[in-house]
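Labels below follow one simple rule: chain letters A, B, ... track the order of the sequence lines, proteins then strands, and each chain is numbered from 1.
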2 protein chains.
Amino acid sequence: MTTRRVSELPKPTEAELAILGVLWDRGSGTVRDVHEALYAHDGGGYTTALKLMQVMHAKGLVERDDSQRAHVFRAVVSKERTQNRFLSDIVERVFDGSASQLVLHALGSQSASREELKEIRQLLNRLDRESK
Amino acid sequence: MTTRRVSELPKPTEAELAILGVLWDRGSGTVRDVHEALYAHDGGGYTTALKLMQVMHAKGLVERDDSQRAHVFRAVVSKERTQNRFLSDIVERVFDGSASQLVLHALGSQSASREELKEIRQLLNRLDRESK
DNA sequence: CATGCTGTACGAAGTCATTCGTTGAGGGGT
DNA sequence: ACCCCTCAACGAATGACTTCGTACAGCATG
């Protein structure tokens with residue numbers, strides 16, 4: 001038994017999320033890539049990044065191509081899926097399950113540009129039409 | 001020096017958030033209240049709730065009226081403030097700092113009723129007028 | 001071949017969140 | 001006065017996340 005169901009991938013921790021961010025941006029990356037993108041500038045150790053990525057691999061969050069000496073990692077979970085995962089979590093735990101409450105808060109307190117407001121309005125229109 | 005700046009209250013943990021939820025709902029509550037609301041039904045121990053609330057008090061997340069034998073707890077942080085706190089966090093860490101990206105995701109993947117959509121549209125209109 | 005560089009593997013330590021068992025204090029009822 | 005119930009206090013155990021030190025392998029250069 002070596003397989004693992006995708007739906008049961010654990011929620012990435014804080015440090016893991018930062019690493020996933022780098023991998024999503026780059027498509028893939030070595031430990032060195034990640035270390036330089038995240039840890040090098042504040043003195044974080046190389047092995048710290050390595051260990052985290054090993055743990056992530058053990059959890060199934062990333063896959064690894066070890067045909068090269070410097071293993072190349074790639075995110076298994078998509079950025080969108082992970083965003084939705086975190087979103088559901090926070091809606092559930094902090095907004096009493098109401099996504100629109102979250103939206104109202106987000107629009108009210110965080111700033112959005114006119115361009116972004118327009119984009120949101122368009123989506124809103126589409127949702128309105130669809131739920132007719 | 002016994003005072004503590006509000007802005008430096010720590011982010012509530014998962015378990016603490018659940019307890020805050022009960023206190024926000026009820027306005028205030030004893031350990032027993034919280035235990036029965038959250039832990040009793042799945043066999044969670046009374047002292048677990050107590051300990052968590054003691055920790056929360058030490059952190060300054062709740063205040064305590066110990067004039068009664070059963071101490072009465074009350075949330076120090078408001079629900080709205082905490083919601084925004086979590087929102088900023090997730091926007092920063094998962095949505096590359098873009099609140100509108102989060103809104104688009106939330107609207108797209110989570111369901112919202114027509115009533116809620118209307119409410120959102122009204123806020124959108126107001127924001128549009130204000131940013132004129 | 002020795003040295004140095006770059007890489008992985010592994011385990012230990014520290015911190016934090018969570019859970020629970022035990023203890024002792026305080027009252028109320030008998 | 002004595003027993004029982006409810007409660008707060010405290011410390012211990014566990015488990016997860018993070019960080020880092022050390023060890024070792026492969027490879028190139030002198």
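Within the 4.5 Å cutoff, side-chain heavy atoms of Met56(A) are placed close to those of Leu20(A). With contacts defined as side-chain heavy-atom distances shorter than 4.5 Å, the pair Leu102(B)/Leu102(A) qualifies. Under the 4.5 Å side-chain criterion, counting only non-hydrogen atoms from C-beta, Phe95(A) is not in contact with Ser100(A). In this structure, the side chains of Val94(A) and Leu17(B) come closer than 4.5 Å at one or more pairs of heavy atoms.
Asp42(B) places its CG atom 12 Å from the C1' atom of dT19(C), with the value rounded to the nearest Å. Here the C1' atom of nucleotide dC17(D) and the OH atom of Tyr39(A) are 11 Å apart, to the nearest Å. In this structure, the CE atom of Met53(A) is 15 Å from the C1' atom of dT18(D), given to the nearest Å. The distance between atom CG of Asp33(B) and atom P of dA8(D), rounded to the nearest whole Å, is 11 Å.
When the side chains of ILVMFWY residues are joined at heavy-atom separations under 4.5 Å, either directly or via intervening members, Val62(B) and Val55(B) end up in two distinct hydrophobic clusters. Following chains of ILVMFWY side-chain contacts shorter than 4.5 Å, one cannot reach Leu38(B) starting from Val72(B), and the two form parts of different hydrophobic clusters. Linking Ile, Leu, Val, Met, Phe, Trp and Tyr whenever their side-chain heavy atoms come within less than 4.5 Å puts Tyr46(A) and Ile19(A) in one cluster.
Using cut-offs of 30° and 60° on the angle between ring planes, the pair His35(B) and Tyr39(B) is parallel.
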Between the protein and nucleotides 12-18 of chain C, which nitrogen or oxygen pairs come in under 3.5 angstrom?
residue	atom	partner	partner atom	Å
dT18(C)	OP1	Ala15(B)	N	3.1
dT18(C)	OP2	Thr13(B)	OG1	2.5

Expected rows: protein N/O vs nucleotides 2-8 of chain C N/O, under 3.5 Å:
residue	atom	partner	partner atom	Å
dT6(C)	O2	Arg69(A)	NH1	3.4
dT6(C)	O2	Arg69(A)	NH2	2.1
dG7(C)	OP2	Arg32(A)	NE	2.2
dG7(C)	OP2	Arg32(A)	NH2	2.8
dT8(C)	OP1	His71(A)	N	3.2
dT8(C)	OP2	Tyr46(A)	OH	2.5

